[in-house]
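Throughout, a chain's letter reflects where its sequence line sits, starting with A, and its residues are numbered from 1. Worth knowing before you read on, the calculation uses all heavy atoms, side chains too, and leaves out hydrogens, waters and symmetry mates.
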Number of protein chains: 2
Amino acid sequence: MSYFDDPDVSKAALVVIGNEILSGRTKDANAGWIAEKMTGHGVVLSEVRVVPDIEERIIEAVNALRAEVDYVFTTGGIGPTHDDITAACIAKALGLALERNAEALHVLEEYYGAEELTEPRKKMSEMPVGATLIANPVSGAPGFVAENVFVMAGVPRIMQAMLDEVMSTHMAAGKKVLSNTVSCELPESGVAAALGAVQEGHPEIDIGSYPHFHAGKLGLSIVLRAVDEAGLKAATEAVVDMIRECGGTPQPLGLQVQIDNF
Amino acid sequence: MSYFDDPDVSKAALVVIGNEILSGRTKDANAGWIAEKMTGHGVVLSEVRVVPDIEERIIEAVNALRAEVDYVFTTGGIGPTHDDITAACIAKALGLALERNAEALHVLEEYYGAEELTEPRKKMSEMPVGATLIANPVSGAPGFVAENVFVMAGVPRIMQAMLDEVMSTHMAAGKKVLSNTVSCELPESGVAAALGAVQEGHPEIDIGSYPHFHAGKLGLSIVLRAVDEAGLKAATEAVVDMIRECGGTPQPLGLQVQIDNF
């Protein structure tokens, strides 16, 4: 069983909302950031979808994913302008009314001052009924949690601060997927058959094979992932032996199971 | 009508296949690259999904998207090892048999030489029946086209070369979405109401508002997108006037419609 199918492993999904990502104008950096953080926190990121600023498309993605995973994150579309439609879409997706959240209004008033709290800024307090705030230490306007949907800003610095709060406040650290990487200088095709046999012998371990170039030399990283530490050790040992049998030099030579945060 | 809903505009979607992207070990750079190339080619990237190396998940994503768009790209999972399952998944998604493609076998034999064409390398010739090759000038093993699905490598340099061939050989340059960007130094909330009115007055133009920091100063880029050049010019003029009325200085001052490839 792959860790993706392990019912004891928490799962997350991400909906990146934004025409500007799909046009290529802005390069998304949030998906990779969230992926790393989830792995470190013991949560498996199971899917990412990038969708345009279109109500039906956002609702469809959020509803498809929130049925499948424990946590759905969204990034983008929570500012004061007409194209910031995320909060309204999440309310519709969850079948909840949209309201001006009193606590969010208070946060915005503290941040801008009562006189500068204009109508567009007040719009940033609109959230589904019953939402819980996610603080924004960078620029005031909060994100929110509604059911299992976590609505965060698209600007990476703000998103990162919000994610830290989400992880510490709303997400129990989960059963970690442990990983171990063994590298060698062999071409991928030189280990393919033997590596396939190792995978067959250790069906509960996810074994991936990633060729790379380092200093002009071809190399191969074999990445093993599993929740079970003993199983991971045994499979790592099998990979190390396999590389030697194929005429390669495994690096590192040790079999130590590491949590490498990837 | 947004250009996303314009039946005369060609649309594409991307399925990024790879546990290593979802774990955060590898940061995807292909989605942003493909997004920019599509915009430049006159094709709208309508959605991106990142899914794990799991057969059902790949098939589900490809089938959902190929029904919605003209072109579905996949990246990743076409090497010689057991975790390279993309070709087999695409065959299943399309209801086609998987075969060793004779032309692909020939390409691999030319690249490796007959003696070095081992079984794992021969595996890289497996494609759905009737597939057309996409050349790989970097490392030999070709991608392929089957129906409207374009299967490319995950390694960016290889993917980029494959995409160039796909665009020149398989994708007619489409009706371009034109864009224009007007910047100013106002805060987003300072233009929100007026900008919303401009959007209401020009419903066929997609208007996005993107705050940014440049040299420590807050600024705002308003990006207009549309297929219709005259409509785009009129909306741009309205945005320029609106910024002046809100007390800002629009940059650039001109109204020229540019194809800025974003």
Side-chain angles (χ1 to χ4, degrees), chain A residues 2 4-5 16 19-29 31-39 44-54 57 79-84 118-121 123 155 177 179 188-193 195-196 199-200 206-211 223 225 261-262, chain B residues 2 4-5 16 19-29 31-39 44-54 57 79-84 118-121 123 155 177 179 188-193 195-196 199-200 206-211 223 225 261-262:
Chain A
S2 160
F4 282 98
D5 302 316
V16 176
N19 294 353
E20 76 279 20
I21 308 288
L22 290 169
S23 77
R25 181 179 187 275
T26 301
K27 301 293 178 287
D28 175 67
W33 181 276
I34 292 172
E36 255 190 69
K37 287 285 184 179
M38 288 302 105
T39 299
V44 168
L45 186 62
S46 176
E47 185 159 338
V48 178
R49 295 194 190 181
V50 188
V51 298
D53 302 331
I54 297 176
R57 301 283 302 278
T81 53
H82 66 277
D83 58 331
D84 291 307
T118 56
E119 276 302 305
R121 286 177 170 156
K123 182 190 169 227
V155 176
V177 175
S179 69
E188 214 179 5
S189 56
V191 303
L195 186 63
Q199 175 70 85
E200 269 184 40
D206 268 28
I207 307 180
S209 162
Y210 306 106
V223 180
R225 278 178 213 285
N261 269 2
F262 295 110
Chain B
S2 160
F4 281 99
D5 303 316
V16 176
N19 294 353
E20 76 278 20
I21 308 289
L22 290 167
S23 77
R25 181 178 187 273
T26 301
K27 301 293 179 287
D28 175 68
W33 180 276
I34 292 172
E36 257 190 66
K37 288 284 182 178
M38 288 302 104
T39 299
V44 168
L45 186 63
S46 176
E47 184 159 338
V48 178
R49 294 194 191 181
V50 187
V51 298
D53 302 330
I54 296 175
R57 301 284 302 279
T81 52
H82 65 277
D83 57 332
D84 292 306
T118 56
E119 276 302 306
R121 286 177 171 154
K123 180 188 171 230
V155 176
V177 175
S179 69
E188 212 178 8
S189 56
V191 302
L195 185 62
Q199 175 71 83
E200 270 183 37
D206 268 29
I207 307 180
S209 162
Y210 306 105
V223 180
R225 276 176 215 284
N261 269 2
F262 295 110

Examine whether an atom of [X] lies under 4.5 Å from a heavy atom of chain A, and if so say whether it belongs to the side chain, the backbone or both; otherwise answer neither.
X        : answer
B:Gln199 : side chain
B:Ile21  : backbone
B:Ile54  : side chain
B:Ser209 : both

| field | Shortest non-hydrogen separation from B:Gly79 to A:Glu188 and the atoms involved | value |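 Closest approach of B:Gly79 to A:Glu188: CA-OE1, 4.5 Å.
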
May I ask you to name which of [options] has the most heavy-atom pairs under 4.5 Å with chain B?
options                               : answer
A:Pro80, A:Gly208, A:Gly196, A:Ala193 : A:Pro80
A:Ala192, A:Pro120, A:Ser189, A:Pro52 : A:Ser189
A:Asp83, A:Leu195, A:Val48            : A:Val48

| What's the verdict on side-chain contact (heavy atoms from CB on, under 4.5 Å) for A:Leu22 and B:Val44, showing C-alpha distance, side-chain angles and the deciding distance? | CA-CA 8 Å; A:Leu22 290 169; B:Val44 168; over 6 Å; no

| query | Taking NZ, NE, NH1 and NH2 as the nitrogens, is one of them in B:Lys27 or A:Glu36 under 4.0 Å from a carboxylate oxygen of the other? | reply |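 Judged by the 4.0 Å cut-off on N to carboxylate O distance, B:Lys27 and A:Glu36 do form a salt bridge.
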
| query | Passes side-chain contact (heavy atoms from CB on, under 4.5 Å), B:Val50 versus A:Glu47? Steps please. | reply | CA-CA 5 Å; B:Val50 187; A:Glu47 185 159 338; 5.9 Å; no

| request: Walk me through it: do A:Arg57 and B:Ser46 pass the test side-chain hydrogen bond (donor to acceptor under 3.5 Å, both in side chains)? | output: CA-CA 10 Å; A:Arg57 301 283 302 278; B:Ser46 176; 3.2 Å; yes

| message | Could you go through A:Val223 and B:Arg25, starting from their C-alpha distance and side-chain angles, then the distance that decides it, and tell me whether this counts as side-chain contact (heavy atoms from CB on, under 4.5 Å)? | response | CA-CA 10 Å; A:Val223 180; B:Arg25 181 178 187 273; 3.3 Å; yes

| If you count heavy-atom pairs under 4.5 Å with chain A, which of B:Thr118, B:Ile207, B:Asp28, B:Val191 comes out on top? |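 So the answer, after comparing B:Thr118, B:Ile207, B:Asp28, B:Val191, is B:Ile207.
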
| request: Check the pair B:Asn19 / A:Asp206 against side-chain contact (heavy atoms from CB on, under 4.5 Å), numbers first and verdict last. | output: CA-CA 9 Å; B:Asn19 294 353; A:Asp206 268 28; 3.4 Å; yes

